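Here the structure is a predicted model, which means the values were calculated and not measured. Quick note on labels: first sequence line is chain A, next is B, and so on, each numbered from 1.
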Amino acid sequence: MTLRLHNSLTGTKDEFQPLENRHVRMYTCGPTVWNYAHVGNLRAFLFYDLVRRHLRVSGYRVTHVMNLTDIDDRILDQAMHAGTTIAEFVKPYAQAFFEDMAALRAERAEHYPRATEHINEMVDMISTLIENENAYIADGDVYFRIASFPKYGELSHLDRAGLKAGARVAADKYEKESVSDFALWKKAQPADERIGAAWDAPFGRGRPGWHIECSAMSKRYLGETLDIHAGGVDLMFPHHENEIAQSEAANHATFARVWLHSEHLADATGDKMSKSAGSFTTLRHLVNAGHDPLAIRFFLIANAHYRSRVRLSPEALHAAAEQVRRLREFADRVNRTSPSGADDGELARKTADVRAAYRDALDDDLNLPQGVGIVFEHIREANAALDAGRVGPLNQASLLAVIDDLDAHLDVVRAEEPGLAQEVERLIAEREGARKTRDFARADRIRDELRARGIALEDSKEGVRWRRIAPAG
RNA sequence: GGCGCCGUAGCCAAGUGGUAAGGCAGAGGUCUGCAAAACCUCUAUUCGUCGGUUCGAUUCCGACCGGCGCCUCCA
């Protein structure tokens with residue numbers, strides 16, 4: 001099967017074909033660094049990670065750009081209150097974003113452009129739009145003239161005539177020609193100067209509107225036409241719609257050929273997780289509550305398909321952690337096996353089928369949950385074969401390949417575990433001594449102590465194994 | 001009001017016009033000094049409700065009930 005992706009523009013799963021052979025240009029909407037990212041944001045970012053990983057697995061070279069929005073109204077407000085410049089205010093949150101991404105094992109994008117470092121590109125694009133009469137200046141602000149772009153609304157399939165009258169459309173504060181026209185540039189206010197949020201431009205000193213950064217920066221790093229543009233569903237309108245209008249009006253070229261949108265993460269009550277609504281959870285919250293970042297990663301990308309809503313719950317997180325544990329357990333076991341007998345032909349055939357089915361699941365609009373199910377089913381059979389000693393050298397190699405296939409997307413199995421503390425080794429040896437003298441009370445006491453500290457012991461024919469678990473209690 | 005999504009076992013969840021993957025939780029068993037891990041068995045005659053199309057529908061169509069999203073802060 002070839003890769004098919006659900007394109008929001010067409011509303012169907014379409015066969016994916018980049019413009020340039022074997023090379024994909026992808027732009028994804030990154031964080032606005034005005035606060036810590038919440039796990040809903042992180043779900044979208046890990047979705048981008050899944051896309052790029054599967055593209056690479058599929059043999060493409062990927063140039064992936066993810067922006068950091070380091071100027072917007074919220075940042076201005078917060079910096080103003082904090083009495084700092086926007087650059088200073090944003091710093092810890094930008095750093096936290098990269099820390100979160102690393103903790104969740106997201107691959108790094110090729111570029112992480114920041115809005116404030118690309119003011120020139122934005123000014124150039126706005127100038128072009130003004131020249132083309134797609135934009136106009138009104139009292140020092142610059143607006144995009146939606147009436148000049150007939151395709152407007154094509155992505156979100158919104159009929160502007162049907163918009164709820166007055167819904168969240170602020171009363172005309174400026175001299176806009178139409179309420180739907182959106183700001184490309186906002187005139188500098190005296191307070192903006194104090195916090196480093198104003199720049200010179202031919203059309204007046206000010207700061208960029210929200211949408212223009214993505215149009216300008218994607219062009220700078222990826223050219224006029226993107227193969228893939230991704231983001232959360234809530235960005236479809238107006239953000240992505242506005243990006244299309246700006247870019248296509250300025251460049252006279254298709255902006256993005258495939259649009260991917262990931263669904264929301266809901267909070268425990270089932271409502272959308274949202275900062276403004278006050279109900280959101282950060283990665284830090286979950287980690288402090290004892291959740292393993294890798295279990296969180298699994299939950300966010302493999303518990304449900306990216307286009308369906310998921311509800312964050314302790315039960316779901318626990319189930320994810322158990323699945324990660326089971327995968328690691330299996331990989332470890334296959335690694336430890338020293339195959340003695342001949343290969344099992346039936347097992348070999350099934351393993352090959354599973355690898356193909358897994359690949360097909362991912363090719364079908366990145367259906368990782370289905371892929372995971374396919375692999376787990378095989379793990380049960382493989383474990384049974386392992387129990388029966390029916391695993392030969394080729395079987396072993398192909399079982400490891402199944403795990404590698406899965407881990408190319410999941411990346412939770414090979415992630416290294418912390419080293420074994422010398423004290424733990426000493427305690428294990430001590431317990432072995434006790435067991436040899438059949439002093440089981442002492443042996444059990446040592447095992448219980450380790451368990452309380454998050455180390456589980458397992459006795460097997462090959463010796464004592466240990467692994468990290470959530471500390472008891 | 002406009003546009004759209006969802007409703008599958010106790011929980012999470014995949015899925016197909018031909019008779020329900022997988023995981024978690026739970027019960028019993030094998031193995032073990034006891035455990036753990038692993039495996040085996042069991043846990044939805046049924047996919048929100050009611051109609052329709054069809055030889056056959058969870059899957060297509062319609063209505064209804066329930067939950068949710070977007071309609072210029074938002075991943």
* For A/Phe440, ring-ring contact (aromatic ring centres under 6.0 Å, His included) partners two or more places apart -> none
* With sequence neighbours excluded, tell me which residues meet ring-ring contact (aromatic ring centres under 6.0 Å, His included) with A/His409. => A/His54, A/Tyr358
* Which residues within residues 440-447 of chain A lie with some heavy atom under 4.0 Å of an atom in RNA chain B? -> A/Phe440, A/Asp444, A/Arg447
Quick one: which protein N/O atoms are closer than 3.5 Å to N/O atoms of nucleotides 17-21 of chain B? Pair and distance per line, please.
unit_1	atom_1	unit_2	atom_2	d
B/A21	O2'	A/Glu377	OE1	3.2

* Sort out for me which residue in A/Arg108, A/Arg105, A/His64, A/Arg297 forms a side-chain hydrogen bond (donor to acceptor under 3.5 Å, both in side chains) with A/Asp49. => A/Arg297
* Indicate whether OP1 or OP2 belonging to B/G15 is found under 4.0 Å from a side-chain N or O atom of A/Asn367. => yes
* Whole-angstrom distance between B/G15 and B/G48, as gauged at atom P -> 15 Å
* Between B/G52 and B/C70, how far is it from one P atom to the other, in whole Å? -> 38 Å
* Take the protein atom CG of A/Asn383 and the nucleotide atom P of B/C40, then report the distance between them rounded to whole Å. => 9 Å
* Could you pull out all residues at least two apart from A/Ala191 that satisfy side chain to side chain contact (heavy atoms under 4.5 Å, CB included)? => A/Met80, A/Arg194
* To do: Take A/Glu458 and A/Gln323, find for each the nucleotide of RNA chain B with the closest heavy atom, and name the residue whose nucleotide sits nearer the 5' end.
  => A/Gln323
* Structure fact -> Of the candidates B/A37, B/A14, B/C70, the side chain of A/Ala304 sits closest to B/A14
* Asked: Roughly, in whole Å, what's the span from NE2 in A/His378 to C1' in B/G23?
  -> 18 Å
* Kindly determine whether A/Asp267 and A/Lys272 satisfy salt bridge (Lys or Arg N to Asp or Glu O under 4.0 Å), including the steps that lead there. => CA-CA 6 Å; A/Asp267 61 23; A/Lys272 172 181 165 181; over 6 Å; no
* Rounded distance in Å between the P positions of B/G66 and B/U54 -> 31 Å
* **A/His318 side-chain proximity, nearest of B/C24, B/G69, B/C39** => B/C24
* Give a yes or no on whether a donor-acceptor pair under 3.5 Å exists between the nucleobase atoms of B/C24, that is its base, and the side chain of A/Asn303. => no
* Any A/His264 side-chain nitrogen or oxygen under 4.0 Å from OP1 or OP2 of B/C68 -> no
* Atom C1', compared across B/A14 and B/C3: separation rounded to whole Å -> 28 Å
* Asked: Nearest-Å distance, CG (A/Leu265) to P (B/G69)?
  -> 13 Å
* Asked: Under a 3.5 Å cut-off for both distances, is B/G7 Watson-Crick or wobble paired, and to whom?
  -> B/C65
* To do: Specify the separation, in whole Å, of atom NE2 of A/His157 and atom P of B/C70.
  => 18 Å
* Asked: Under the ring-ring contact (aromatic ring centres under 6.0 Å, His included) test, which residues partner A/Phe97, sequence neighbours left out?
  -> A/Phe45
* Answer with base, sugar-phosphate or nothing: what part of the nucleic acid does A/Gly231 contact at a heavy-atom distance below 4.0 Å? => sugar-phosphate
* To do: Could you list the residues that satisfy ring-ring contact (aromatic ring centres under 6.0 Å, His included) with A/His264, not counting sequence neighbours?
  => none
Which side-chain N or O atoms in residues 312-322 of chain A pair as donor and acceptor under 3.5 Å with protein atoms at least two apart or in another chain?
unit_1	atom_1	unit_2	atom_2	d
A/Ser313	OG	A/Ala316	N	3.1
A/Glu322	OE1	A/Arg325	NH1	2.6

* Asked: Does OP1 or OP2 of B/A37 have a side-chain N or O of A/Arg326 closer than 4.0 Å?
  -> no
So which protein N/O to nucleotides 26-31 of chain B N/O distances come out below 3.5 Å?
none

* Partner nucleotide of B/G26 by Watson-Crick or wobble geometry (both distances under 3.5 Å) -> B/C42
* For A/Arg333, answer base if it contacts any base atom (sugar-phosphate contacts may also be present), sugar-phosphate if it contacts only those atoms, and nothing otherwise; contact means non-hydrogen atoms under 4.0 Å. => sugar-phosphate
* **Integer angstrom distance from the P of B/G17 to that of B/A44** => 25 Å
* **A/Phe376 side chain, from C-beta outward: closest of B/G22, B/G33, B/C73** => B/G22
* To do: Please tell me which of A/Pro31 and A/Arg435 maps to the more 5' nucleotide of RNA chain B, matching each residue to the nucleotide holding its nearest heavy atom.
  => A/Arg435
* To do: Mind calculating the distance between CG (A/Asn41) and C1' (B/C73) to the nearest angstrom?
  => 13 Å
* Asked: Can we say A/Glu458 and A/Arg447 salt-bridge, meaning some charged N sits less than 4.0 Å from an Asp/Glu carboxylate O?
  -> no
* Asked: Touch check for A/Asp73, heavy atoms < 4.0 angstrom, all strands: base, sugar-phosphate only, or nothing?
  -> nothing
* Sticking with atom P, work out how far B/U8 lies from B/U45, rounded to a whole angstrom. => 15 Å
* Could you tell me if the ring centre of A/Tyr36 sits under 6.0 Å from that of A/Tyr93? => yes
Show every donor-acceptor pair shorter than 3.5 Å between a side-chain atom in residues 330-339 of chain A and any protein atom, with sequence neighbours excluded, or say none if there are none.
unit_1	atom_1	unit_2	atom_2	d
A/Asp332	OD2	A/Arg336	NE	3.2
A/Asp332	OD2	A/Arg465	NH2	3.1
A/Arg333	NH1	A/Asn383	OD1	2.8
A/Arg333	NH1	A/Asp387	OD1	3.3
A/Arg333	NH2	A/Asp387	OD1	2.6
A/Thr337	OG1	A/Arg333	O	2.8

* Asked: Looking across every strand, which nucleic acid part, if any, lies under 4.0 Å from A/His305 by heavy atom: base, sugar-phosphate, or nothing?
  -> sugar-phosphate
* Using the test side chain to side chain donor-acceptor pair (under 3.5 Å), find all partners of A/Tyr48 that sit at least two apart in sequence or belong to another chain. => none
* Asked: So what does A/Arg390 touch, heavy atoms closer than 4.0 Å: a base, only the sugar-phosphate, or nothing?
  -> nothing
* Which part of the nucleic acid, if any, lies within reach of A/Asp459 when heavy atoms closer than 4.0 Å are counted: base, sugar-phosphate only, or nothing? -> base
* **Distance in angstrom units between A/Glu329 CD and B/G23 C1', rounded** => 16 Å
* Which is it for A/Asn134 and A/Ser148 under the side chain to side chain donor-acceptor pair (under 3.5 Å) test, yes or no, and what are the steps along the way? -> CA-CA 6 Å; A/Asn134 293 116; A/Ser148 73; 2.9 Å; yes
* Under the salt bridge (Lys or Arg N to Asp or Glu O under 4.0 Å) test, which residues partner A/Asp407, sequence neighbours left out? -> none
* Asked: How far does the P atom of B/A37 sit from the matching atom of B/C47, given to the nearest Å?
  -> 35 Å
* Asked: With both distances under 3.5 angstrom, what nucleotide forms a Watson-Crick or G-U wobble pair with B/C70?
  -> B/G2
* Are A/Ser308 and B/C12 close enough that a side-chain N or O sits under 4.0 Å from OP1 or OP2? -> no
* A/Glu315 CD to B/C11 P, straight-line distance once rounded to whole Å -> 11 Å
* To do: With a 3.5 angstrom cut-off on both distances, give the Watson-Crick or G-U wobble partner of B/G18, or none if there isn't one.
  => B/C55
* Asked: Distance between the P atoms of B/U59 and B/U46, in whole angstroms?
  -> 15 Å
